[in-house]
Amino acid sequence: MKISITLLSFCLLAAFPQSRADVRLPKSAFTLDRMEEAMKTAQEQKKPVAYLYTNTATTCPLAAGASEGFLEAVGKRCVLVYLPVKGGKKSAHVSAAVKAALQKGKFYPKLVLTASDGSGAQCFTYEAYQADSRKAAREIRKQITVLTKKQS
């Protein structure tokens with residue numbers, strides 16, 4: 001009986017693909033190839049820019065949860081730019097201030113907030129989000145408010 005249950009368990013595990021924790025970006029998110037358009041939109045709408053450095057096809061539910069938390073904290077108050085883990089840090093389209101901010105923390109996701117002119121870069125890391133997600137969300141919203149007032 002134990003052997004048949006074990007065998008059935010292995011068969012079921014093999015039949016179902018590994019679970020995924022995909023991150024769904026909003027349709028309004030810009031990619032690296034549309035960086036100029038994102039900056040222009042941010043300046044026209046007088047909104048800060050939020051750079052989300054993550055892997056949208058991650059299989060890690062913790063990373064996906066932190067990415068979703070960052071997206072929820074940002075909401076529609078920023079122009080969102082998606083930076084893929086592969087190549088996002090090294091892209092020529094990303095400013096030096098954003099690249100420097102992305103050096104913080106060991107793991108992705110990371111969220112960098114800047115004014116529409118690229119100034120005031122502040123990075124929010126996965127580690128800080130995991131330590132206290134509510135505090136991180138409050139700090140993100142606070143920084144968005146500061147950057148928005150700065151641009152007005």
Side-chain angles (χ1 to χ4, degrees), residues 12-13 15-152:
L12 287 174
L13 287 173
F16 292 104
Q18 188 175 16
S19 66
R20 295 186 62 94
D22 290 340
V23 176
R24 296 183 189 267
L25 296 173
K27 291 181 181 179
S28 61
F30 291 90
T31 53
L32 285 173
D33 59 334
R34 297 177 53 213
M35 185 67 79
E36 289 179 24
E37 185 182 347
M39 300 309 283
K40 184 179 177 184
T41 301
Q43 289 173 348
E44 288 173 356
Q45 296 179 2
K46 296 184 179 180
K47 288 184 174 181
V49 181
Y51 297 88
L52 181 63
Y53 176 74
T54 192
N55 179 2
T56 56
T58 185
T59 58
C60 176
L62 297 175
S67 293
E68 295 292 338
F70 286 153
L71 289 170
E72 186 178 316
V74 167
K76 294 183 179 182
R77 294 171 290 195
C78 292
V79 172
L80 181 66
V81 177
Y82 165 62
L83 299 177
V85 171
K86 294 183 180 176
K89 279 186 186 178
K90 298 176 184 175
S91 173
H93 300 292
V94 180
S95 72
V98 173
K99 287 179 184 177
L102 286 172
Q103 297 304 315
K104 294 181 181 176
K106 291 183 179 181
F107 307 106
Y108 65 84
K110 299 176 187 180
L111 179 74
V112 178
L113 296 175
T114 68
S116 60
D117 63 359
S119 65
Q122 184 174 355
C123 184
F124 297 90
T125 63
Y126 167 81
E127 294 87 349
Y129 184 86
Q130 285 303 107
D132 189 347
S133 61
R134 290 181 182 176
K135 181 180 177 185
R138 279 192 309 270
E139 289 178 9
I140 290 168
R141 287 190 288 271
K142 183 178 169 183
Q143 182 66 15
I144 291 170
T145 302
V146 168
L147 290 170
T148 302
K149 286 180 182 178
K150 181 181 174 183
Q151 294 178 177
S152 296

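Along the sequence shown, the residues carry numbers beginning at 1. The figures that follow rest on heavy atoms only: side chains count, while hydrogens, waters and symmetry mates do not.
When all heavy atoms are compared, the tightest approach of Arg34 to Ala29 is NH1-O, 3.9 Å. Asn55 and Val85 get closest at one heavy-atom pair: N-CG2, 3.5 Å. Between Ala73 and Ile144, the shortest heavy-atom distance links the atoms O-CD1, 4.1 Å. Ala101 approaches Ala121 most closely through the heavy-atom pair CB-CB, 4.3 Å. Across all their heavy atoms, Val79 and Gln45 have their closest contact at CG2-OE1, 4.4 Å. Considering all non-hydrogen atoms of both residues, Gln151 and Lys46 come closest at NE2-C, 3.1 Å.
In this structure, Gln143 CD and Thr148 OG1 are separated by 9.5 Å, a value rounded to the nearest 0.5 Å. To the nearest 0.5 angstrom, Cys78 atom SG is 9.5 Å from Ile140 atom CD1. Rounding to the nearest 0.5 Å gives a distance of 7.5 Å between CE of Met39 and CG of Asp117. Expressed to the nearest 0.5 Å, how far CD of Glu139 lies from NZ of Lys135 amounts to 5.0 Å. Here OH of Tyr82 is found 15.5 Å from OH of Tyr51. Values are rounded to the nearest 0.5 Å.
Counting only residues at least two apart or on different chains, the ring pair (Phe, Tyr, Trp, His ring centres under 6.0 Å) pairs with a member in residues 102-152 are Phe70-Tyr129. Pairs engaging residues 66-80 under the side chain to side chain donor-acceptor pair (under 3.5 Å) rule: Thr54-Ser67 [sequence neighbours left out].
Counting heavy atoms from C-beta on, the side chains of Lys106 and Thr125 never come closer than 4.5 Å. Proximity of Val146 to Lys150: side-chain heavy atoms (C-beta onward) are nowhere separated by under 4.5 Å. In this structure, Leu83 and Val112 have side chains that are not in contact, with every pair of non-hydrogen atoms separated by 4.5 Å or more. With a 4.5 Å cut-off on side-chain heavy atoms, Thr114 and Leu147 do not count as touching. Using a 4.5 Å cut-off on side-chain heavy atoms (C-beta onward), Leu80 and Leu71 make contact.
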Inset, instruction - Apply the test side chain to side chain contact (heavy atoms under 4.5 Å, CB included) to residues Lys47 and Thr41: give CA-CA distance (whole Å), side-chain angles for both, the deciding distance (0.1 Å), then the verdict. - result: CA-CA 8 Å; Lys47 288 184 174 181; Thr41 301; over 6 Å; no
Inset, instruction - Please assess Val81 against Val98 for the test side chain to side chain contact (heavy atoms under 4.5 Å, CB included), listing each intermediate value before the final yes or no. - result: CA-CA 12 Å; Val81 177; Val98 173; over 6 Å; no
